J.: 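So that we are looking at the same thing, I have put the structure below in structure tokens.
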Amino acid sequence: WALLVVVLSVAALAWSCVFHGTLTRKPVGFLTTNDAVIALRLGRGWTTVAEDKPYYDGWIVLLDAQGRGQVASVDEVLGGDVLWSDRGVFFGSPSHDYVTTDSATQEIARKYVRDEDVSRYELSGGTLAVVKEEGTGYRVDSVHPDGTTSSVESSGVRGNVGQCGSRILAITDTERSESMRTAAFEAYAAQFGGGDMPEALEVVVQLTDHDGDVAPILAVAPMVEGLSSRQRMFDCEGDVITMPSVREDEDDASSSGVESERRGLVLQRWDLSAGQRTIVPVVDEDGSSIELGEDLGVADSEAIHVDNEYRFVSSGGDAFAVDLTSGRGRHLFSLEKSTYGPDGYLATFQVTESGVYALKDRRSDRVVTLSYRSWEDGEWRDIFTTRDLAYYLNEGYISSALDIQSFALRPGWDGGAQ
């Protein structure tokens, strides 16, 4: 019987493996990372999210440095995220989470059906976590090293989500998350005493390791008009969170009576040990503010610390470096791209200490290219280009055209810098 089971398993794998160009399609349970250096999540994305069509397709792709590899169907998850941690490649479907290593894929059944991801994180001790929007708040589902799972819900919280150490946090305000209002003003009064109270507060709340509906408040500050940010990751050193943000020019706005067209780059720095925030205006070498606009932004940044600099690239491909001591900043470069027209393409990004990786999906023929550029100088250099993903991305093969929702690099791999 044991021999029969082995024979049937091998036969099933051989029957289900489909070769298309340099990609091999497999059942998800047979995926292994092997020589892969990049993991991709395909599904409903930027160009398809508003379309009223049936969606049921999602894919995980593992590629080596030449663009060869494996692909598996894992069903569609809106905003599908992929994380490559020290434990392996962490991704999910509506009913399962998966961890793929060099030798096997572990399948973990979910207690709750999940059709949307906010982001995935690796916590201390090897625990892997995924954040999902749940009702009016967030739910964090965790997969522990022994295969067990747990969930924590934080009702009434909406905002920027990220990680600091072993904690997953949200930065929100009492207007967007009204259920936090009472606890936030109590925390502010306890820290700063009585007297005049701001009309609204910004707060840092903890989404993990708590019981009950009210998430613990770690820091509070008065809400600042014209200050905004949209992030799903934070840079964190010790207990200090750094987050790029946009601040409108209040004088310009008040003099014209309309929303300001002058928007400057600032850093919000939250010290969780003190429970307070500082706002650092970013200036160039001449002492002038770095102005942002439609062609230059900081939303959904991927960030990293390099020496004393905070370096990041926005979802639009704009890269900056800011000295955290002086506040001096530099616009390093922008990815020249267009999401419209026959030659337009979409791109997603990852960062390392040496530079920026861009995964570009050309809209005309769905040719996908992994490119690299150092932070300081040089041009974009292509690592690989593949046409094989068009078979899975193109409209007509499945219910509708899909996009690359996210990608992750193998920890420690920095092939673009070599």
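Computed from heavy atoms alone, side chains included, the values below leave out hydrogens, waters and symmetry copies. Note that this is a predicted model, so its numbers are computed, not measured.
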J.: Is the closest side-chain donor-acceptor distance between S154 and H210 under 3.5 Å?
T.: yes
J.: State, with a plain yes or no, whether a side-chain heavy atom of L359 is found less than 4.5 Å away from one of F349.
T.: no
J.: I'd like to know whether CD of E178 has more than 12 heavy-atom contacts from other residues, nucleotides or ligands below 6.0 angstrom.
T.: no
J.: Evaluate Q191 against Q276 for side-chain contact (heavy atoms from CB on, under 4.5 Å), listing each step before the verdict.
T.: CA-CA 9 Å; Q191 182 167 346; Q276 299 179 9; 2.8 Å; yes
J.: Considering residues, nucleotides and ligands other than D102, do more than 12 of their heavy atoms fall under 6.0 Å from its CG?
T.: yes
J.: Heavy atoms, side chains only, cut-off 4.5 Å: are D239 and R167 in contact?
T.: yes
J.: Is the cationic atom of R373 (NZ for Lys, CZ for Arg) positioned less than 6.0 Å from the six-membered ring centroid of F333 and within 45 degrees of its normal?
T.: yes
J.: Closer than 3.5 angstrom, by distance alone: can the side chain of T136 be matched with the main-chain N or O of S155 as a donor-acceptor pair?
T.: no
J.: Compare every heavy atom of D75 with every heavy atom of P94, then report the nearest pair and how far apart it is.
T.: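 Distance-wise, the nearest heavy atoms are CD-CB, 3.7 Å.
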J.: Rounded to the nearest 0.5 Å, what separates atom CZ in R263 from atom OG in S228?
T.: 6.0 Å
J.: Do side-chain atoms of D307 reach the backbone of E309 as a donor and acceptor pair under 3.5 angstrom?
T.: no
J.: Just one of L218, I217, V220 clears the side chain to side chain contact (heavy atoms under 4.5 Å, CB included) bar with V205, so which one?
T.: I217
J.: Decide yes or no on side-chain contact (heavy atoms from CB on, under 4.5 Å) for Y98 and Q106, but give the supporting numbers first.
T.: CA-CA 6 Å; Y98 305 90; Q106 179 185 15; over 6 Å; no
J.: Within the 4.5 Å heavy-atom criterion, are V99 and F91 side-chain neighbours or not?
T.: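 Answer no - side chains too far apart.
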J.: Output yes when a side-chain donor or acceptor of R41 lies under 3.5 Å from a complementary backbone atom of V82, and no otherwise.
T.: no
J.: Using side-chain heavy atoms (C-beta onward) and a distance below 4.5 Å, is D403 in contact with L346?
T.: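 Yes; the side chains approach each other to less than 4.5 Å.
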J.: For S177 and M180, indicate whether the former's side chain and the latter's backbone hold a donor-acceptor pair under 3.5 Å.
T.: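 Checking the backbone N and O of M180 against the side chain of S177, no donor-acceptor pair under 3.5 Å is found.
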J.: Evaluate side-chain contact (heavy atoms from CB on, under 4.5 Å) for L267 paired with V282, printing each intermediate quantity in order.
T.: CA-CA 7 Å; L267 296 182; V282 180; 4.0 Å; yes
J.: Salt bridge or not between R410 and D35? Use side-chain N to carboxylate O under 4.0 Å.
T.: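 D35 and R410: not salt-bridged.
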J.: Between atom OG1 of T149 and atom OH of Y112, what is the distance when rounded to the nearest 0.5 Å?
T.: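 Between T149 OG1 and Y112 OH, I get 9.5 Å after rounding to 0.5 Å.
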J.: For a quick check under 3.5 Å, do Y357 and D414 share a side-chain donor-acceptor pair by atom type?
T.: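 The answer is yes; a qualifying pair exists.
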J.: Using every non-hydrogen atom in the two residues, find where L62 and A36 come nearest and quote the distance to one decimal.
T.: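 Looking at all heavy atoms of both residues, the shortest contact is CB-CB, 3.9 Å.
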J.: Yes or no on side-chain contact (heavy atoms from CB on, under 4.5 Å) for D117 and L78, after CA distance, side-chain angles and deciding distance?
T.: CA-CA 6 Å; D117 283 358; L78 181 61; over 6 Å; no
J.: Evaluate D300 against R230 for salt bridge (charged side-chain N to carboxylate O under 4.0 Å, His left out), listing each step before the verdict.
T.: CA-CA 6 Å; D300 290 330; R230 193 184 77 204; 3.2 Å; yes
J.: Are W375 and F312 close enough, and set up right, to give a ring pair (Phe, Tyr, Trp, His ring centres under 6.0 Å), and what steps lead you there?
T.: CA-CA 9 Å; W375 288 110; F312 61 96; 8.5 Å; no
J.: To the nearest 0.5 angstrom, please state how far the OH atom of Y188 sits from the CG atom of L201.
T.: 7.0 Å
J.: Does the side chain of R311 reach to within under 4.5 Å of the side chain of R330, using non-hydrogen atoms?
T.: yes
J.: What pair of heavy atoms forms the shortest contact from W84 to V37, and how long is it?
T.: CZ3-C, 3.6 Å
J.: Please confirm whether the backbone N or O of L40 pairs with a side-chain atom of Q405, one donor and one acceptor, at under 3.5 Å?
T.: no
J.: Applying side-chain hydrogen bond (donor to acceptor under 3.5 Å, both in side chains), run through D382 and S371 and close with a yes or a no.
T.: CA-CA 4 Å; D382 294 344; S371 301; 2.6 Å; yes
J.: Hey, does the side chain of S314 reach the backbone of D318 with a donor-acceptor pair shorter than 3.5 angstrom?
T.: yes
J.: Would you mind telling me which of T172, N160, L169, D271 makes a side chain to side chain contact (heavy atoms under 4.5 Å, CB included) with V204?
T.: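 Going through T172, N160, L169, D271 one by one, the side chain to side chain contact (heavy atoms under 4.5 Å, CB included) with V204 is satisfied by L169 alone.
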J.: Are R158 and Y138 in a cation-pi contact, defined as NZ or CZ under 6.0 Å from the six-membered ring centre and within 45° of the axis?
T.: yes
J.: Do any N or O atoms from the side chain of Q350 and from the backbone of S406 form a donor-acceptor pair under 3.5 angstrom?
T.: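 It does not hold such a pair.
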J.: Starting at CZ of R181, measure out to CD of E186 and round the result to the nearest 0.5 Å.
T.: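 Spacing of CZ (R181) from CD (E186) equals 12.0 Å.
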J.: When you look at R269 and T278, which way does the side-chain hydrogen bond (donor to acceptor under 3.5 Å, both in side chains) test go after all the steps?
T.: CA-CA 5 Å; R269 305 204 73 196; T278 57; 5.9 Å; no
J.: Determine whether L23 and L389 make a side-chain contact, defined as any pair of heavy atoms from C-beta on separated by less than 4.5 Å.
T.: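 Heavy-atom side-chain distance check passes, below 4.5 Å.
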J.: Rounded to the nearest 0.5 Å, what's the gap from CD on Q66 to OG1 on T385? Could you check?
T.: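 These two atoms lie 12.5 Å from each other.
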J.: Just jot down the side-chain hydrogen bond (donor to acceptor under 3.5 Å, both in side chains) partners of T208, sequence neighbours excluded, or say none.
T.: none
J.: Decide whether a cation-pi geometry holds between R120 and F90; the criteria are a distance under 6.0 Å from NZ or CZ to the six-membered ring centre and an angle within 45° of the ring axis.
T.: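 The answer is yes; both the distance and angle limits are met.
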J.: Can you tell me how far the CD atom of E302 sits from the OG1 atom of T352, to the nearest 0.5 Å?
T.: 11.5 Å
J.: Between E202 and R277, is a salt bridge (charged side-chain N to carboxylate O under 4.0 Å, His left out) present by the stated rule, with each step listed?
T.: CA-CA 9 Å; E202 293 191 63; R277 178 193 63 190; 2.9 Å; yes
J.: If we ignore angles and hydrogens, is there a donor and acceptor under 3.5 Å between the side chains of T24 and Q70?
T.: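 Their side chains do not contain a donor-acceptor pair, so the 3.5 Å distance test is not met.
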J.: Treating N308 as the side-chain partner and D323 as the backbone partner, does any N or O pair qualify as donor plus acceptor under 3.5 Å?
T.: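 It does not hold such a pair.
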J.: Minimum heavy-atom separation for Y391 to R25, with atom names?
T.: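 Minimum heavy-atom separation between Y391 and R25: CE2-NH1, 4.3 Å.
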J.: Does S354 use its side chain to pair, donor to acceptor, with the backbone of A417 at less than 3.5 Å?
T.: no
J.: Any ion pair linking R110 and D141 (charged N to carboxylate O, less than 4.0 Å)?
T.: yes
J.: Is the shortest heavy-atom distance from the side chain of W270 to the side chain of V240 under 4.5 Å?
T.: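 W270 vs V240: side chains apart.
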J.: For residues V161 and Y121, determine if any side-chain heavy atom of one lies less than 4.5 Å from a side-chain heavy atom of the other.
T.: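 Counting from C-beta outward, V161 and Y121 do come under 4.5 Å.
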J.: Nearest heavy-atom pair of S245 and L227: which atoms, and what distance?
T.: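 In terms of heavy atoms, the two residues are closest at CB-CD1, 4.0 Å.
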J.: So does E291 get a backbone contact from the side chain of S289, meaning a donor-acceptor N/O pair under 3.5 Å?
T.: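 No, the answer is negative, given that no donor and acceptor are paired below the 3.5 Å cut-off.
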J.: Which atom names give the shortest non-hydrogen contact between S229 and Q268, and what distance separates them?
T.: CB-NE2, 4.2 Å
J.: Which pairs pass disulfide bond (SG atoms under 2.5 Å apart) with one or both residues in residues 63-153, sequence neighbours excluded?
T.: none
